[in-house]
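Notes to accompany the following structure.
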There are 2 protein chains.
Amino acid sequence: MKKRLFTPGPTPVPENVMLRMAAPIIHHRNPEFMEILERVHQDLQYLFRTTQPVVVMTCSGTGGMEAAISSLFTRGDKVITVNGGKFGERWGELARIFTGNCVEEKVAWGSAITTERMVELLKEHPGAMGVCITHSETSTGTASDVKALCAAIHEHSDALILVDGITAIGAHEFRFDDWGADICITGSQKGLMMPPGLALVAISERAQDVINNRKGLPQYYLSLKKALKSHAGNDTPFTPAVSLIIGLDEALQMVRAEGIENVWKRHEQLAEACRLGCQALGMELFSESPSYAVTAVWLPEGADWKQFNNTLKIENGITVAAGQDDFKGKIFRISHLGYYDELDMLTMLGGLERTFSMMGIPFEHGAGITAVQQAFLEA
Amino acid sequence: MKKRLFTPGPTPVPENVMLRMAAPIIHHRNPEFMEILERVHQDLQYLFRTTQPVVVMTCSGTGGMEAAISSLFTRGDKVITVNGGKFGERWGELARIFTGNCVEEKVAWGSAITTERMVELLKEHPGAMGVCITHSETSTGTASDVKALCAAIHEHSDALILVDGITAIGAHEFRFDDWGADICITGSQKGLMMPPGLALVAISERAQDVINNRKGLPQYYLSLKKALKSHAGNDTPFTPAVSLIIGLDEALQMVRAEGIENVWKRHEQLAEACRLGCQALGMELFSESPSYAVTAVWLPEGADWKQFNNTLKIENGITVAAGQDDFKGKIFRISHLGYYDELDMLTMLGGLERTFSMMGIPFEHGAGITAVQQAFLEA
């Protein structure tokens, strides 16, 4: 059976990217590789909309988040984190472990923090050195208004702004320089259409000053100071995942060719079609502020998750992501992040309809796929 | 021109491994991937000769070294490190940064520490909590007698033994359990014939106790406690480099098929042939205790490194590794680590002879390749 991946990381890898990575390995100090890394550095600036360095680290997105926290802050620094799901929670874990002084703002799963609440937090904690937010919370399929949050934070505070852009970059509009973010992280296996193994971290001038001049926490492999120093010479401080960086070069050419604004637009449209299709099958959306990367929906009334997922995966070859924590078995998540197009959304909804039919869940045959098709044809 | 890599990491990747990694990506929580990871875990135990867990981390070998230091020790713990080259030096850097209490024993480049000196060190520092050694020092092509060192350390101390096996595993005999090592690290791009991006860390029962029960330093991504907990369920704490782990599965099947003792024997013979070939061309060996992974030789008298390297690389397609630090431009290093056989050594020496000839360095035509061939035929 043909297998299709609709998970928010790993996401499908284009054939040309896979083949590029299958070429004979080259040494990371060869001029040929350094040329590739230089182009990757430039294309990452294009992707993040920045003139500042975006460093490539061999680790998962979480490694990039830790690199940011442990490179910018030291013991006792007060850091505000917003926890509206598994990945917002991770900011809090990292801040507690490394600074020991974390103000964690909990937000209901499926909701995003408002700028008003952010301003209150900054007033309650005038000494905060950093604010950590999540652009697209993968566990709930919820997007935050990062542009407005950045503006509000800058107006009321000097705190550094750390953005988890792991499932947002390449899906949602994001302008690192214009919006004034200080750190933004993504992972290779998300909007970048690559296998996992790389974290990409954009670093503002203000953050560079802190990283280079402040004596921080003990660190080595995840040091952004080391990463920045090597970046300046189109190098990395440690042996990088050479084959993945070569694949990233290929993937970034695809982003360049499509144009970043078109990439954002495509994701917005895929997300809208996915939501309309799911609703046409009678399912309810989980998030109040849906992400363009991943759509979270409630399981159909009375359906058993295990049976539903088996039918989707084993009978129809489609892998989606389960709900997490309190929402395990209650919601599921459909990814449209990265290498997806309009016909893929038709496939996804087609698979859902077949699953509904096999499980005897009542729905109007063709309603889901028709809603998707209409959304695209009328756009 | 055909290009051939003779560097000690990245090392050449077999075609079947490259193609296996080019297959469509799968999700890391799919049963299919978890089955692969379970097999990888078992095959890594075979490789390291251990019944204890060997965890797979998405980072370079240095990340694995940091994981060991920061997971086992805490501030103030005295750690003895042996520095006989760039990688022994790294143990010292890590110990200083994370424990702040490092006793660094410097050894001349090209020499290995003796067991007698190790015993003296342990007597001078009876409170040492750990000893960090390098099995094969890549920067100098020097092997340590890890078996004898482990025995001596156990006889005189309770210190944990941390072995950098990054270029030794899969080249030199190494028996984690029998020799009583507590930590051994390798990287994917070395004896394992893979692209870079994974560190593999074997952890003894004694080390597991320390990791699980002692409150250590702040850490997260590189936590061996987290890695061990996930390992027990054939999982990883963070999204792993899925495609690299799939390639590793293929590479480990090759090690299994050849048999680990045959793999060691092959490397011993390749190294010996390489040394004899280089000596037959009039070059002198750099190391007093040569590694089976990489051979370091002095440049021919009067030869300019840049010109020599360009002739070898650009005219003959062969990439070797330069000397480092004080030996930059004075020595160079030929790798025979991983996916190499007898005819590859003939190729390497053939390329050296052609380079000598092009540069007008006097030598007996065919002396290098004949020495290599004789070494193999007489073995």
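In what follows, chains are A, B, ... by sequence order, proteins preceding strands, each numbered from 1. All values below were derived from every heavy atom in this structure, side-chain atoms included, with hydrogens, water molecules and symmetry-related copies excluded.
- For chain A, the option among B/Ala241, B/Pro237, B/Pro196, B/Ala67 with the highest count of heavy-atom pairs below 4.5 Å is B/Pro196.
- Here the NE2 atom belonging to A/His27 is positioned 8.5 Å from the NZ atom belonging to B/Lys313, to the nearest 0.5 angstrom.
- B/Ile25 touches chain A through backbone and side chain together, each having a heavy atom under 4.5 Å away.
- Contact of A/Ile26 with chain B is made through the backbone alone, with heavy-atom distances under 4.5 Å.
- From B/Cys59, atom SG reaches atom OH of A/Tyr221 across 5.0 Å, with rounding to the nearest 0.5 Å.
- For B/Lys229, there are no salt bridge (Lys or Arg N to Asp or Glu O under 4.0 Å) partners two or more places apart in sequence or in a different chain.
- Applying the side chain to side chain donor-acceptor pair (under 3.5 Å) criterion to A/Ser71, with sequence neighbours excluded, gives A/Gln219.
- Between atom CG of residue A/Asn30 and atom NZ of residue B/Lys3 there is a gap of 7.5 Å, rounded to the nearest 0.5 Å.
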Quiz item: Can B/Leu244 and A/Ser243 be said to form a side-chain contact (heavy atoms from CB on, under 4.5 Å), step by step?
Solution: CA-CA 9 Å; B/Leu244 296 181; A/Ser243 61; 4.1 Å; yes
Practice problem: Quick one: do A/Arg90 and B/Phe238 satisfy side-chain contact (heavy atoms from CB on, under 4.5 Å)? Show the steps, please. | Solution: CA-CA 11 Å; A/Arg90 188 155 294 176; B/Phe238 310 106; 3.7 Å; yes
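- Of the two parts of A/Thr11, only the backbone, made up of N, CA, C and O, holds a non-hydrogen atom closer than 4.5 Å to a non-hydrogen atom of chain B.
- No other option in B/Val17, B/Leu19, B/Leu94 has as many heavy-atom pairs under 4.5 Å with chain A as B/Leu94.
- The minimum heavy-atom distance between B/Met18 and A/Ala23, with the atom names listed, is SD-O, 3.5 Å.
- Residue contact with chain B, scored on non-hydrogen atoms closer than 4.5 Å, involves the side chain of A/Arg75 exclusively.
- Both the backbone and the side chain of A/Ile97 have a heavy atom closer than 4.5 Å to some heavy atom of chain B.
- Across all non-hydrogen atoms, the minimal contact from B/Thr239 to A/Ser60 is O-CB, 3.6 Å.
- Considering only heavy-atom pairs separated by less than 4.5 Å from chain B, the leading option among A/His28, A/Met57, A/Arg96, A/Met65 is A/His28.
- Closest approach of B/Pro10 and A/Val242 over heavy atoms only: CG-CG2, 4.2 Å.
- With rounding to the nearest 0.5 angstrom, the CG atom of A/Leu222 is 13.0 Å from the OH atom of B/Tyr220.
- Considering all non-hydrogen atoms of both residues, A/Ala22 and B/Ala22 come closest at CB-CB, 3.9 Å.
- In this structure, chain B has a heavy atom under 4.5 Å from the side chain of A/Gln189, while its backbone stays farther away.
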